[in-house]
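I have placed the structure first, in the form of structure tokens, so that the comments after it can refer back to it.
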Amino acid sequence: MTATVSDRLLDWYDGHARDLPWRARPGAPPPDPYRVWLSEIMLQQTTVAAVKPYFETFVSRWPTVEELAAAPQEDIMAAWAGLGYYSRARNLVKCAGEVAQRGGFPMTEGELRELPGLGAYTAAAVAAIAFDRRAVVVDANVERVVARLFAIEDPLPVARKAIRAAAAEITPEKRAGDFAQAMMDLGSGICTTRDPKCLLCPLSADCRARATGDPARFPVKAPKKAKPVRQGRAYWIERENAVWLVRREGKGMLGGMRALPDDGWSARGDGLGEPPLDGDWEGAGMVRHTFTHFALELSVQVQRDATQPSGEGEWWPLDTLNEAGLPTLFTKAARLVTS
DNA sequence: AAATCGTGGTA
DNA sequence: TTACCAAGATT
């Protein structure tokens with residue numbers, strides 16, 4: 001018997017696995033599918049350090065998927081505030097409802113893939129980690145590790161098919177969940193984007209990128225577009241130690257979240273919408289905030305002793321503003337006005 | 001299928 | 001300060 005790449009990786013994992021709140025020990029029975037699912041959704045494009053406090057809050061407040069499904073959507077959205085990519089929270093609510101309705105999580109990758117918020121990666125990850133099903137789990141870590149192991153020269157995203165095929169080649173039939181998590185731990189701690197620590201890597205002898213002498217060159221990536229800068233305004237409307245908050249509509253930018261009223265910068269791109277209230281506005285300063293595909297310069301306009309704007313909204317007491325569940329952009333604006 | 005969708009950490 | 005980027009999904 002010749003040891004394979006997966007054998008070497010799993011041996012390494014047995015001694016070096018990270019201890020994470022949602023994770024079982026290597027070789028141990030799989031953890032609660034609810035915790036696996038919740039952690040995987042939170043971890044999409046999000047660092048472990050950022051997820052940890054949110055995960056603890058969610059599982060202590062809603063210990064089961066049934067309890068999460070029974071919670072008001074606005075409570076869940078507020079609890080998600082600050083974590084970003086709020087469509088995940090909207091889909092979390094939908095998914096919890098479907099799962100509670102059908103009496104638990106499905107166990108196969110194909111059925112998991114049909115749930116809201118679970119794409120190719122997350123469906124495979126939950127199948128492997130929570131149900132010990134053999135699945136090819138490809139996230140950004142796996143892409144990097146595989147691109148280096150096989151020295152794949154095609155740039156991302158063109159190389160995705162080849163990387164997936166190569167990942168399938170080294171994915172074992174047994175311990176698929178441990179293998180997936182081992183690949184991610186390796187990518188996170190050893191086979192890092194910059195300055196990979198090849199001397200500590202259990203796969204260094206298998207790695208064609210290392211043989212080239214410049215493993216950090218992989219994966220090759222297509223150049224990125226520059227981010228445009230947009231301008232916009234937000235309105236701080238205050239009255240009797242309370243501020244007027246609205247709820248953003250729909251599925252777009254910050255959709256479903258509480259917010260300050262604005263001039264339409266997210267919809268129109270150029271702002272230029274009408275203020276939500278007549279009267280004189282005082283400039284409180286500028287907030288700079290960078291989103292995924294553009295940067296925003298948000299001018300914050302203030303009116304105190306204001307009358308109530310027309311349309312839907314609520315007066316929110318200033319002393320409990322941290323419980324309003326504002327996205328970080330508006331938390332910055334509030335800090336500008338109140339400090 | 002290219003564009004859209006947050007945030008905080010790191011170099 | 002800027003630039004990059006992290007357990008991607010959706011349309």
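So you know, we letter chains A, B, ... as the sequences are listed, proteins then strands, and number each from 1.
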Original post:
Hey, does A:Gly82 reach any base, or is it just sugar-phosphate, or nothing, if we go heavy atoms under 4.0 Å?
Top reply: sugar-phosphate
Original post:
What does A:Ala49 touch in the nucleic acid at a heavy-atom separation under 4.0 angstrom: a base, only the sugar-phosphate, or nothing?
Top reply: nothing
**OP:** Compare side-chain N and O positions of A:Lys221 against OP1 and OP2 of C:dC4 and report whether any pair is under 4.0 Å apart.
**Re:** no
Original post:
When we call it a touch if two heavy atoms are under 4.0 Å apart, what does A:Ala140 touch: a base, just sugar-phosphate, or nothing?
Top reply: sugar-phosphate
Subject >> Pairwise 5' ranking along DNA chain B for A:Phe294 and A:Pro157, keeping only the more 5' one >> reply: A:Pro157
Original post:
What interatomic distance, in whole Å, is found between P of C:dA7 and the corresponding atom of B:dA2?
Top reply: 24 Å
Original post:
Side chain of A:Thr193: nearest nucleotide among B:dC5, B:dA2, C:dA6?
Top reply: C:dA6
Subject >> Nucleotide C:dG8, atom C1' - distance to CG of A:Leu83 in whole Å >> reply: 13 Å
Original post:
Where the side chain of A:Val48 is defined as all heavy atoms beyond and including C-beta, which of C:dA7, B:dG6, B:dT7 is the nearest nucleotide?
Top reply: C:dA7
Original post:
For the residue pair A:Ala71 and A:Trp62, what are the closest heavy atoms and their distance?
Top reply: CB-NE1, 3.4 Å
**OP:** Give the rounded distance in Å between these two atoms: CZ of A:Arg88 and P of B:dG6.
**Re:** 9 Å
**OP:** Look at A:Arg113 and C:dT10 and indicate whether a side-chain polar atom (N or O) is within less than 4.0 Å of OP1 or OP2.
**Re:** yes
Original post:
Whole-Å distance between C:dT2 C1' and A:Arg288 CZ?
Top reply: 13 Å
Original post:
Of A:Trp22 and A:Leu115, whose closest DNA chain C nucleotide lies nearer the 5' terminus?
Top reply: A:Trp22
Subject >> A:Pro327 side chain, from C-beta outward: closest of C:dT10, C:dA7, B:dT7 >> reply: B:dT7
Original post:
Quick one: is B:dT4 close enough that its OP1 or OP2 comes under 4.0 Å of any side-chain N or O from A:Ser87?
Top reply: no
Original post:
How close or far is atom P of C:dC5 from atom CG of A:Asp139, stated in whole angstroms?
Top reply: 15 Å
**OP:** Under 4.0 Å between any heavy atoms, over every strand shown, what does A:Thr292 touch: base, sugar-phosphate, or nothing? Just pick one.
**Re:** base
Original post:
So does A:Thr46 reach the base of B:dG6 with its side chain, donor to acceptor, closer than 3.5 Å?
Top reply: yes
Original post:
Hey, does the side chain of A:Lys225 come within less than 4.0 Å of B:dA3's phosphate (OP1/OP2), counting only N and O?
Top reply: yes
Subject >> N or O in side chain of A:His289 less than 4.0 angstrom from B:dT7 OP1/OP2 >> reply: yes
**OP:** Select base, sugar-phosphate, or nothing to describe what A:Leu296 touches, counting heavy atoms under 4.0 Å on all strands.
**Re:** nothing
Subject >> Whole-Å distance separating the CZ atom of A:Arg248 from the C1' atom of B:dG6 >> reply: 12 Å
Original post:
Choosing from C:dG8, B:dC5, C:dA6, which nucleotide comes nearest the side chain of A:Thr47?
Top reply: C:dA6
Original post:
Among the nucleotides B:dT7, C:dA9, B:dG6, which one has an atom lying closest to any side-chain atom of A:Thr122?
Top reply: C:dA9
**OP:** Please determine if a side-chain N or O atom of A:His293 lies less than 4.0 Å away from the OP1 or OP2 oxygen of B:dC5.
**Re:** yes
Original post:
So which nucleotide from C:dC5, C:dA7, B:dA3 ends up closest to the side chain of A:Lys224?
Top reply: C:dC5
**OP:** Kindly determine whether A:Arg258 and A:Glu74 satisfy salt bridge (Lys or Arg N to Asp or Glu O under 4.0 Å), including the steps that lead there.
**Re:** CA-CA 9 Å; A:Arg258 271 198 195 96; A:Glu74 62 175 80; 3.5 Å; yes
**OP:** Could you pull out the closest heavy-atom pair between A:Trp244 and A:Gly311, with the gap in Å?
**Re:** CZ2-O, 3.8 Å
Original post:
Over how many whole Å does the gap from A:Gln44 atom CD to B:dG8 atom P extend?
Top reply: 18 Å
Original post:
Quick one: is A:Gln45 getting a side-chain N or O under 4.0 Å of the C:dG8 phosphate, OP1 or OP2?
Top reply: yes
**OP:** For residues A:Arg144 and A:Pro219, report the shortest heavy-atom separation together with the two atoms involved.
**Re:** CG-CD, 3.7 Å
Original post:
So does A:Lys174 pair up with A:Asp132, basic N to acidic O under 4.0 Å?
Top reply: no
Original post:
Touch check for A:Met253, heavy atoms < 4.0 angstrom, all strands: base, sugar-phosphate only, or nothing?
Top reply: sugar-phosphate
Original post:
Of the nucleotides B:dC5, C:dA7, C:dT11, which has the atom closest to the A:Tyr85 side chain?
Top reply: B:dC5
Subject >> Near-ring test A:Phe291/A:His293, centroid separation under 6.0 angstrom >> reply: no
Original post:
Separation of A:Phe291 atom CZ from B:dG8 atom P, in whole Å?
Top reply: 11 Å
Subject >> Nearest-angstrom distance from the residue atom CG of A:Leu43 to P of C:dC5 >> reply: 19 Å
Subject >> C:dA9 to B:dG8 separation - P atoms, rounded to the nearest Å >> reply: 22 Å
Original post:
Between A:Phe58 and A:Phe55, does the ring centre distance come in under 6.0 Å?
Top reply: no
Original post:
Counting just side-chain N and O atoms, does A:Arg144 come under 4.0 Å of either OP1 or OP2 of C:dA6?
Top reply: yes
Subject >> A:Lys251 or A:Gly187, whichever maps to the more 5' nucleotide of DNA chain C >> reply: A:Gly187
Subject >> Side chain of A:Arg194 (C-beta onward), nearest among B:dA11, B:dC5, C:dA7 >> reply: B:dA11
Subject >> Stepwise salt bridge (Lys or Arg N to Asp or Glu O under 4.0 Å) check, A:Arg35 with A:Asp32 >> reply: CA-CA 5 Å; A:Arg35 295 169 64 92; A:Asp32 180 0; 5.6 Å; no
